[in-house]
Amino acid sequence: MTYRTLFSLLFSLILVSAHAERVRVYTTTADGKMQMEYKKGKSSRSPLAKHIALSPTTTYQEMDGFGYAITYSASYNLMQMAPAARKAFLTRTFSRTSGYGVSYVRISIGCSDFSSTEYSLCDEPGLEHFRLHSDETNYVIPILKEILAINPDLKIIGSPWTCPKWMKIKSLSDPVGYDSWTSGTLNPKHYQTYADYFVRFVQAFAAEGIPIYAVTPQNEPLNRGNCASLYMPWAEEAAFVNKLAPAFAHAGIRTKIYCFDHNYNYDDIADQQDYPIHFFNALDTTMDGCELVAGSAWHDYGGRVTELDDINQKAPDKEVIFTETSIGTWNDGRNLASRLLKDMRNLVYNTVTRRSKAVMVWNFMLDLNRGPNLDGGCQTCYGAVDIDQNDYRTLHYNSHYFVMAHASLAAQPGARRIGATMTNGTPDISYVAFLNPDGSYGAVIFNEGNSSEQMSMAVTTAPVARFTVPSKSIVTVVLGCEEKR
C-alpha cells in the first residue's frame with residue numbers, strides 16, 4: 001500500500017467519522033412510548049432499499065416557522081409554574097441550540113375567548129385612552145419576554161377578536177351604534193382611527209422589546225358568534241386595510257398584513273367565497289405600504305385544505321399561512337393514538353406542500369379543566385400541553401405539541417422547502433424536506449402503517465443518514481447539522 005493510498009484511506013475514515021456526528025433523529029410514536037426521543041443517527045456511504053433522495057435544486061417556499069398561540073390562558077398557566085420548571089420547559093420548546101426551536105407564536109390584539117374578560121386596548125372613545133390591559137402586562141408580555149430571551153428570532157403575529165365597541169355599528173345598512181362584544185361591523189368613520197389603533201399596538205409591544213412580525217385585520221371575520229367578534233366581509237376588510245397599510249408605512253412599521261384568517265369553506269357564505277382573491281382585487285395598489293399586504297391566513301374548522309390550491313392558482317404572488325386549529329373533546333384531542341398522525345398530515349404535510357410558510361395551533365397550554373376561559377368561547381378545547389392545576393407541575397403532552405416540535409426541528413426560520421423522492425416508497429410513508437440557512441437538511445417523515453421501516457436519506461454528494469421509522473410514528477431527521485442537546 002502506497003503512502004498516498006494510506007493517506008486517502010485514513011482521510012476517508014476521518015470523514016465518515018465526522019459525518020456520523022452530523023445526523024440527528026427525533027422520534028414520537030402514536031402509542032406514546034417514544035416522545036421526541038433523540039438519537040444520533042448513523043451514516044453510511046450507501047443507501048438502504050427505502051431511500052429518500054433530497055433535491056436542493058428543486059425549491060419551493062421559504063419557511064417562517066411553526067408554533068402555538070400564547071393566549072392569556074396559556075400565559076396564566078405558565079406563570080403558575082415554578083420559575084425554574086417554566087424556564088426548562090420553554091427552553092426545551094423554543095431554544096434553537098438546546099431545544100426544538102419552535103419559532104412562531106400568535107397573540108390576540110385585545111381579548112380572545114381565552115382571556116380573563118372581554119376588553120379592547122381602548123375601551124373609552126378616543127385613542128388617548130389606548131392602554132395595554134393587565135392580561136398583557138401581567139401575563140402575555142412577561143411570557144413573551146421569557147421566550148424571546150431563549151429565542152430572540154421568535155416571530156409574533158397578532159389578531160384582534162373585536163375592535164373597541166365604540167367603533168362598532170350594527171351593519172353598513174343599519175349604521176346605528178352597536179354596544180356588544182359579539183358581532184357588529186366596524187364603522188367606516190373609524191377606519192383611520194382603528195388603523196391608528198393597530199399602530200399603537202405595534203408600538204406598545206415594541207416599547208416592551210417585543211417586535212410584531214405580522215397582523216391579521218380580524219380573527220374569523222365571518223364568525224359573528226364568538227364571545228368577542230366582529231363581522232368583516234372581504235369588501236370591508238379591504239377598505240380597512242386601505243387605511244391600515246398606509247398607517248403602518250407612515251409610522252415606519254414593516255409589520256406584515258395577512259387577510260382573512262378564517263376557514264377553508266368561508267363559513268358557507270355564498271358571497272364570501274374566494275374571500276382573499278376579492279380582497280386582493282379591492283386593494284389600492286398605489287397606496288403607501290401596499291407591499292406590506294403579504295397574503296392570506298387560514299383555519300381548518302370548515303372546508304378542505306384543497307382550497308389552498310385554488311387560492312395559490314389565483315394569487316401565485318401572495319403568501320399563505322395557517323394560523324389556527326384546535327383539539328378538544330369533539331375530536332378525541334387527548335388521545336395521542338387517535339390524533340398524532342392525523343394532525344401531522346392535516347397541519348404540516350397538507351399545508352406546507354401547498355406553499356404555507358407557517359403553521360400555528362391554538363392554545364399552547366391549558367389546565368385539565370380546559371381553562372381558564374370565557375363564557376361564550378370554547379369550553380371544550382385542549383391545549384397543545386395540558387397542565388395539572390392541582391400542582392402546576394405535571395404536564396400532559398398532546399399531539400399538537402409534538403407536531404409543531406417535529407416540524408420546527410426540520411425547518412429553521414428561513415428554510416427553503418425542497419424536492420425529495422423516495423425509492424421503494426409505500427402509501428404509508430409521507431415526508432416533506434427542507435434546506436436550512438445553516439446548510440443542514442431537515443425532513444419530517446411519518447409512517448401511518450403497521451410495520452416499522454428501515455430508511456435512509458441523502459443529498460447526492462452528502463453522506464447517507466440511516467434511521468428507523470417505527471409504525472405509527474413521526475420521525476424528524478436533520479442531516480449535516482451541528483451537534484446539540
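All values reported here derive from a predicted model rather than from experimental measurement.
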message: Under the rule for disulfide (SG to SG under 2.5 Å), what residues qualify as partners of Cys381, not counting sequence neighbours?
response: Cys378
message: Can a donor-acceptor pair be found, under 3.5 Å and without considering hydrogens, that links the side chain of Asn398 to the backbone of Gly383?
response: yes
- request: May I ask you to test the Cys122-Glu128 pair for a side-chain heavy-atom distance under 4.5 Å?
  value: no
query: Short question: side chain of Ser440, backbone of Asn436 - any donor-acceptor pair under 3.5 Å?
result: no
task: Apply the test salt bridge (charged side-chain N to carboxylate O under 4.0 Å, His left out) to residues Lys87 and Glu146: give CA-CA distance (whole Å), side-chain angles for both, the deciding distance (0.1 Å), then the verdict.
output: CA-CA 8 Å; Lys87 182 178 181 180; Glu146 289 191 28; over 6 Å; no
message: Applying salt bridge (charged side-chain N to carboxylate O under 4.0 Å, His left out) to Glu291 and Arg254, what does each step give before you reach the verdict?
response: CA-CA 9 Å; Glu291 72 282 359; Arg254 304 305 298 169; 3.1 Å; yes
- prompt: Angle class for the Phe94/Phe364 ring planes (parallel below 30°, perpendicular above 60°, tilted otherwise)?
  reply: perpendicular
Gap between atom NZ of Lys256 and atom CD1 of Ile157 - 0.5 Å precision: 9.5 Å
- prompt: Between Tyr139 and Tyr72, does the ring centre distance come in under 6.0 Å?
  reply: yes
query: Any side-chain heavy atom of Leu340 within less than 4.5 Å of one from Lys472?
result: no
query: Quick one: does Ser108's side chain have a donor or acceptor within less than 3.5 Å of a partner on Gly110's backbone?
result: yes
field: Backbone N/O of Gly419 and side chain of Thr58: donor-acceptor pair under 3.5 Å
entry: no
query: If you measure from CG on Asn138 to OG on Ser75, what distance do you get to the nearest 0.5 Å?
result: 11.0 Å
message: For Asn226 and Glu220: C-alpha separation, side-chain torsions, deciding distance, then whether side chain to side chain contact (heavy atoms under 4.5 Å, CB included) applies.
response: CA-CA 9 Å; Asn226 214 336; Glu220 298 186 352; 4.2 Å; yes
task: For the residue pair Val361 and Glu324, establish whether any side-chain heavy-atom pair is separated by less than 4.5 Å.
output: no
Reported OG-to-CG distance for the pair Ser55 and Leu435, which is rounded to 0.5 angstrom: 11.5 Å
query: Between the side chains of Ser98 and Ser95, does any donor sit under 3.5 Å from an acceptor?
result: yes
message: Looking at Asn151 and Leu148, would you say the former's side chain and the latter's main chain have a donor-acceptor pair under 3.5 Å?
response: no
query: Under 3.5 Å, side chain of Gln412 to main-chain N/O of Ser408, donor-acceptor pair present?
result: no
- request: Let me see the working for Asn223 and Ser229 under side-chain hydrogen bond (donor to acceptor under 3.5 Å, both in side chains), right down to the final yes or no.
  value: CA-CA 7 Å; Asn223 178 6; Ser229 56; 5.7 Å; no
- prompt: Do Arg106 and Asn219 touch side chain to side chain, with heavy atoms closer than 4.5 Å?
  reply: yes
- prompt: Do the ring planes of Phe130 and Tyr197 sit parallel (below 30°), tilted (30 to 60°) or perpendicular (above 60°)?
  reply: perpendicular
message: So which atom in Asp367 and which in Gln389 form the shortest heavy-atom distance, rounded to 0.1 Å?
response: CB-OE1, 3.6 Å
field: Flag side-chain contact, heavy atom, 4.5 Å: Ser116 against Tyr76
entry: no
- request: Could you walk me through whether Thr93 and Thr91 pass side chain to side chain contact (heavy atoms under 4.5 Å, CB included), step by step?
  value: CA-CA 5 Å; Thr93 303; Thr91 298; over 6 Å; no
query: If you look at every heavy atom in Ala405 and Tyr68, which pair is closest and at what distance?
result: N-OH, 3.9 Å
message: Contact between Leu78 and Phe89 at the side-chain level, heavy atoms closer than 4.5 Å - yes or no?
response: yes
- prompt: Just how far is it from atom OH of Tyr397 to atom OG1 of Thr28, taken to the nearest 0.5 Å?
  reply: 11.5 Å
Pair Phe198 + Phe240: ring centers closer than 6.0 Å: yes
field: Short side-chain to backbone donor-acceptor contact, Asn77 and Gly371, under 3.5 Å
entry: yes
- prompt: Ring centres of Phe446 and Tyr431 under 6.0 Å apart?
  reply: no
- request: For residues Leu308 and Trp298, determine if any side-chain heavy atom of one lies less than 4.5 Å from a side-chain heavy atom of the other.
  value: yes
- prompt: Sub-3.5 Å donor-acceptor pair from the side chain of His299 to the main-chain atoms of Thr325, do we have one?
  reply: no
message: Any donor-acceptor pair under 3.5 Å linking the side-chain atoms of Trp161 with those of Ser159?
response: no
task: Apply the test side chain to side chain contact (heavy atoms under 4.5 Å, CB included) to residues Val403 and Arg339: give CA-CA distance (whole Å), side-chain angles for both, the deciding distance (0.1 Å), then the verdict.
output: CA-CA 10 Å; Val403 167; Arg339 295 295 340 158; over 6 Å; no
- line: All heavy atoms of Pro413 vs all of Asp64, minimum pair found to be CB-O, 3.8 Å
task: Determine yes or no for a side-chain-to-main-chain donor-acceptor pair under 3.5 angstrom, with Ser115 supplying the side chain and Ser112 the backbone.
output: yes
- request: Count the heavy atoms of every other residue, nucleotide or ligand shown that sit under 6.0 Å from CG of Asn390, and state whether that count exceeds 12.
  value: yes
task: Evaluate side chain to side chain contact (heavy atoms under 4.5 Å, CB included) for Ile147 paired with Ile70, printing each intermediate quantity in order.
output: CA-CA 10 Å; Ile147 297 173; Ile70 304 297; 4.1 Å; yes
- request: For salt bridge (charged side-chain N to carboxylate O under 4.0 Å, His left out), just list the numbers for Asp386 and Arg334, CA-CA rounded to whole Å, side-chain angles, deciding distance to a tenth of an Å, and then say yes or no.
  value: CA-CA 9 Å; Asp386 292 322; Arg334 284 190 182 139; 2.7 Å; yes
- request: Would you check if the side chain of Arg466 reaches a backbone N or O of Ser43 as a donor-acceptor pair within less than 3.5 Å?
  value: no
message: Nearest 0.5 Å, please: how far is CG in Asp391 from CD in Gln80?
response: 12.0 Å
For residues 200-211, tabulate all N or O donor-acceptor pairs below 3.5 Å that involve a side-chain atom, not counting sequence neighbours.
| unit_1 | atom_1 | unit_2 | atom_2 | d |
| --- | --- | --- | --- | --- |
| Arg200 | NH1 | Leu127 | O | 2.8 |
| Glu208 | OE1 | Lys145 | NZ | 2.8 |

- prompt: If we only count heavy atoms from C-beta on, is the Met455 to Met422 side-chain gap below 4.5 Å?
  reply: yes
message: Applying salt bridge (charged side-chain N to carboxylate O under 4.0 Å, His left out) to Arg417 and Glu62, what does each step give before you reach the verdict?
response: CA-CA 6 Å; Arg417 181 168 74 92; Glu62 183 178 302; over 6 Å; no
